[in-house]
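Right, one structure below, let's go through it.
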Number of protein chains: 2
Amino acid sequence: MSNSENSPVRESPVPMSECGAALAIEQIPDRWTWLIIREMFYGVGRFADIQADISIPKSVLSGRLAQIVENGLAKKEAYRDGSSRTRHAYALTQKGRELAPVLLALMQWGDRHMKNGESALELTDKRSGNPVKIGIVPKGGALPLRWLSYAPTQKKSDGTSGD
Amino acid sequence: MSNSENSPVRESPVPMSECGAALAIEQIPDRWTWLIIREMFYGVGRFADIQADISIPKSVLSGRLAQIVENGLAKKEAYRDGSSRTRHAYALTQKGRELAPVLLALMQWGDRHMKNGESALELTDKRSGNPVKIGIVPKGGALPLRWLSYAPTQKKSDGTSGD
DNA sequence: TTTCTGAGTTTGACATTTGAACTCTGCTCT
DNA sequence: AGAGCAGAGTTCAAATGTCAAACTCAGAAA
């Protein structure tokens with residue numbers, strides 16, 4: 001950050017009620033909510049699938065999903081699985097999708113500090129195919145979200161088609 | 001995000017234990033931890049000041065600070081207030097400071113979706129003075145964190161020097 | 001109609017959070 | 001030196017939230 005950081009600051013320059021960060025935190029207040037949104041980013045939207053991936057108790061998942069929908073981050077959608085029964089899945093709304101930079105910045109930070117810089121996901125500009133990251137840019141200089149593409153980094157030989 | 005997003009994904013492509021985002025979330029698991037880190041970003045580091053700003057119970061603050069220090073996001077430092085007694089304050093470490101893009105991306109999101117795009121903080125490149133933001137950039141194209149400067153946005157006439 | 005399955009809700013034991021009261025330490029005042 | 005005070009916690013009981021297992025319910029399949 002680094003402003004003139006000499007004397008201790010006694011009070012935040014921006015009160016909670018006017019700070020975008022604080023307001024955002026109210027919408028994603030806990031670990032479970034973050035992890036659920038992470039799942040949805042990866043495209044995992046069905047109740048049981050989310051539950052299995054992150055090992056969340058059903059009762060908690062149900063409550064968190066309700067909040068997430070209430071806050072407009074995701075919505076519940078019906079879809080047709082193959083040609084079979086109607087199913088439901090939660091999918092991010094535009095508002096939810098716009099959390100991508102946050103989640104990706106978090107991922108970059110986690111990769112750097114908890115995984116010695118090894119990322120499990122490769123981000124690229126889908127126009128050029130060039131690698132991208134989240135960072136500080138001159139206003140107007142960022143690539144639009146819809147150009148972003150990601151692919152899991154190749155792990156050691158994975159036996160390819162498992163099943 | 002937008003990969004080939006047709007069939008529903010049944011499982012996250014990156015397991016929790018290898019996902020930088022999931023690992024990061026473990027270090028900042030709840031609302032209070034986020035808010036405390038927000039305070040430290042603003043330079044607020046003293047126990048009582050943090051407590052007053054975010055209205056956290058002392059017992060919880062004390063526990064969260066211990067975790068934050070344990071995770072290496074901040075450290076407790078002694079300093080001399082004026083010429084008076086020794087005091088202590090918590091200050092972000094390098095690791096903690098590198099959360100800036102996450103927090104700022106969160107702020108941008110909050111400003112856009114909860115404040116009609118009005119930000120309480122103006123970010124600039126401190127060399128050029130040009131406004132900056134957090135976004136997707138070609139790898140190597142981001143400005144270094146230390147060039148970032150911020151200032152509270154002018155609110156409607158604030159009577160200056162309150163008191 | 002019965003069965004199955006995905007998506008919850010309910011339950012009751014356990015854990016965490018709250019807010020108030022209490023402690024401890026190191027100045028500062030007399 | 002001794003009393004007082006303020007900052008930075010700790011301790012406690014009540015309220016709230018979490019967990020895992022058992023239960024419910026609706027729609028499709030047999």
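In what follows, chains are A, B, ... by sequence order, proteins preceding strands, each numbered from 1. All values below come from the heavy atoms of this structure, side chains included, with hydrogens, waters and symmetry mates left out.
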Quick check: does any side chain N or O of A:Ser119 sit under 3.5 Å from a backbone N or O of A:Asp111, one acting as donor and the other as acceptor?
no
For atom CD1 of A:Ile36 and atom P of C:dA7, their distance in whole Å:
14 Å
Gap between atoms CD and C1', on B:Gln67 and D:dG9 respectively (whole Å):
16 Å
Does the B:Thr124 side chain pair with the main chain of B:Asn130, one donor and one acceptor, at a distance under 3.5 Å?
no
B:Ile56 CD1 to C:dA20 C1': how many Å, rounded?
16 Å
Would you classify B:Val60 as touching base, sugar-phosphate or nothing, given that sugar-phosphate means primed atoms plus P, OP1 and OP2, and contacts are heavy atoms under 4.0 Å?
base
Rounded to whole angstroms, how far apart are CD on A:Gln51 and P on D:dA20?
10 Å
Let me know the distance between CD of A:Glu77 and P of C:dA7, rounded to the nearest Å.
14 Å
Using OP1 and OP2 only, check whether a side-chain N or O of A:Ser59 sits under 4.0 Å from C:dT9.
no
I would like to know whether B:Lys133 and B:Met107 meet side-chain contact (heavy atoms from CB on, under 4.5 Å); could you show each step before the answer?
CA-CA 10 Å; B:Lys133 52 167 288 193; B:Met107 181 176 300; over 6 Å; no
Donor-acceptor pair, distance only, cut-off 3.5 Å: does the side chain of A:Asp125 make one with the backbone of A:Arg127?
yes
Can you tell me if the side-chain N/O atoms of B:Trp32 get under 4.0 Å from OP1 or OP2 in C:dT16?
no
Establish, with yes or no, whether the OP1 or OP2 oxygen of D:dG9 is under 4.0 angstrom from a side-chain nitrogen or oxygen of B:Tyr90.
yes
Base, sugar-phosphate alone, or nothing: which one does B:Arg64 contact when heavy atoms must sit under 4.0 Å apart?
sugar-phosphate
What integer distance in Å separates A:Asp30:CG from C:dT16:P?
15 Å
Measure from the side-chain N and O atoms of B:Trp109 to the backbone N and O of A:Lys95, and report whether any donor-acceptor pair falls under 3.5 Å.
yes
Considering only D:dT18, D:dG7, C:dG19, which nucleotide approaches the side chain of B:Pro57 most closely?
C:dG19
Would you mind reading off the distance between A:Leu61 atom CG and C:dT10 atom P, rounded to a whole angstrom?
16 Å
Whole-Å distance separating the NE2 atom of A:His88 from the C1' atom of D:dG27:
9 Å
Kindly point out which of C:dT9, C:dT17, C:dA7 is positioned nearest to the side chain of A:Ser62?
C:dT9
Among D:dG9, C:dG8, D:dG7, the one nearest B:Lys76 by side-chain distance:
D:dG9
Nucleotide nearest B:Arg87 (side chain, heavy atoms from C-beta), chosen from D:dG7, D:dG9, C:dG8
D:dG7
Any A:Lys58 side-chain nitrogen or oxygen under 4.0 Å from OP1 or OP2 of D:dT24
no
